[in-house]
Amino acid sequence: MSRSRRWQVFPACALALAAPLTAMAHGTEEAGPNGGEIRMPGAFHVEVVAREDALRLYLLDMQFENPRTKGSSVDATLKQDGDSFDLACSVADGAKAFTCPLPDATTLNEGTLVVDASRAEMPAEPAKYELPLAFGQ
């Protein structure tokens, strides 16, 4: 293959390899197993389910199964109208998800939710959700 031809093929190959990784990093087109919106910030999935006054966050394995709270952590921040609200997320005994109550005077109609999570001590990049959520409301 000529040198100039290689440079024509390279961008197409790079795009073909990067496209699946980019799609997985952002989320899925379908609701997660608990009816929420999915993101894949690392070697696991984060599913956010909106409730009337709280969020429920599931840390799922690569097959969208086995929610895990043991050895895991979640920090969630709601950004709206120039304000930033840190959510106090916790796990009830025996629960398979983190619950994050929403602060008064906030809604899930607009803004951004940023979830910084680790599952079973595996860290990940922050997962970003544009509001309103597509699923789980």
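Keep in mind that this is a model prediction, so the values were computed, not measured.
Rounded to the nearest 0.5 angstrom, Lys79 NZ and Asp83 CG are separated by 12.0 Å. The CG atom of Leu57 sits 11.5 Å away from the OG atom of Ser72 when rounded to the nearest 0.5 Å.
Looking at residues two or more places apart in sequence or on another chain, you find a salt bridge (charged side-chain N to carboxylate O under 4.0 Å, His left out) between Glu37 and Arg39.
Checked by atom type and distance alone, the side chain of Glu47 never pairs as donor or acceptor with a backbone atom of Ile38 at under 3.5 Å. Counting only distance, with no hydrogens or angles, the side chain of Arg51 and the backbone of Asp53 share no donor-acceptor pair below 3.5 Å.
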**Chi angles and distances behind the side chain to side chain contact (heavy atoms under 4.5 Å, CB included) call for Leu78, Leu131** = CA-CA 10 Å; Leu78 181 60; Leu131 304 174; 3.4 Å; yes

**Asked** Would Leu87 and Thr77 count as a side chain to side chain contact (heavy atoms under 4.5 Å, CB included) if you check the C-alpha gap in whole Å, the side-chain angles of each, and the deciding distance to 0.1 Å?
**Response** CA-CA 6 Å; Leu87 306 182; Thr77 304; over 6 Å; no

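Dense packing is recorded around CD of Glu65, with more than 12 heavy atoms of other residues, nucleotides or ligands lying under 6.0 Å away.
Taking 4.5 Å as the limit, every side-chain heavy atom of Lys96 sits out of range of all side-chain heavy atoms of Arg68.
Here the closest heavy-atom approach between residue Leu108 and residue Gln80 is recorded as N-NE2, 4.3 Å. Between His45 and Asp61 the shortest heavy-atom distance is ND1-O, 2.9 Å. Nearest heavy atoms, Leu60 versus Phe44: O-CB, 3.2 Å. Here the shortest heavy-atom pairing between Pro101 and Ala54 reads CA-CB, 3.8 Å. Closest heavy-atom contact between Val46 and Pro41: CG2-CG, 3.8 Å. Taking every heavy atom of both residues into account, Ala50 and Leu55 meet most closely at CA-CD2, 3.9 Å.
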Please output the side-chain donor-acceptor pairs of residues 111-122 that fall under 3.5 Å, not counting sequence neighbours, one pair per line with the distance.
from	atom 1	to	atom 2	distance (Å)
Thr112	OG1	Glu130	OE1	3.3
Ser118	OG	Ser73	OG	3.1
Arg119	NE	Leu59	O	3.0
Arg119	NH2	Asn66	O	2.5

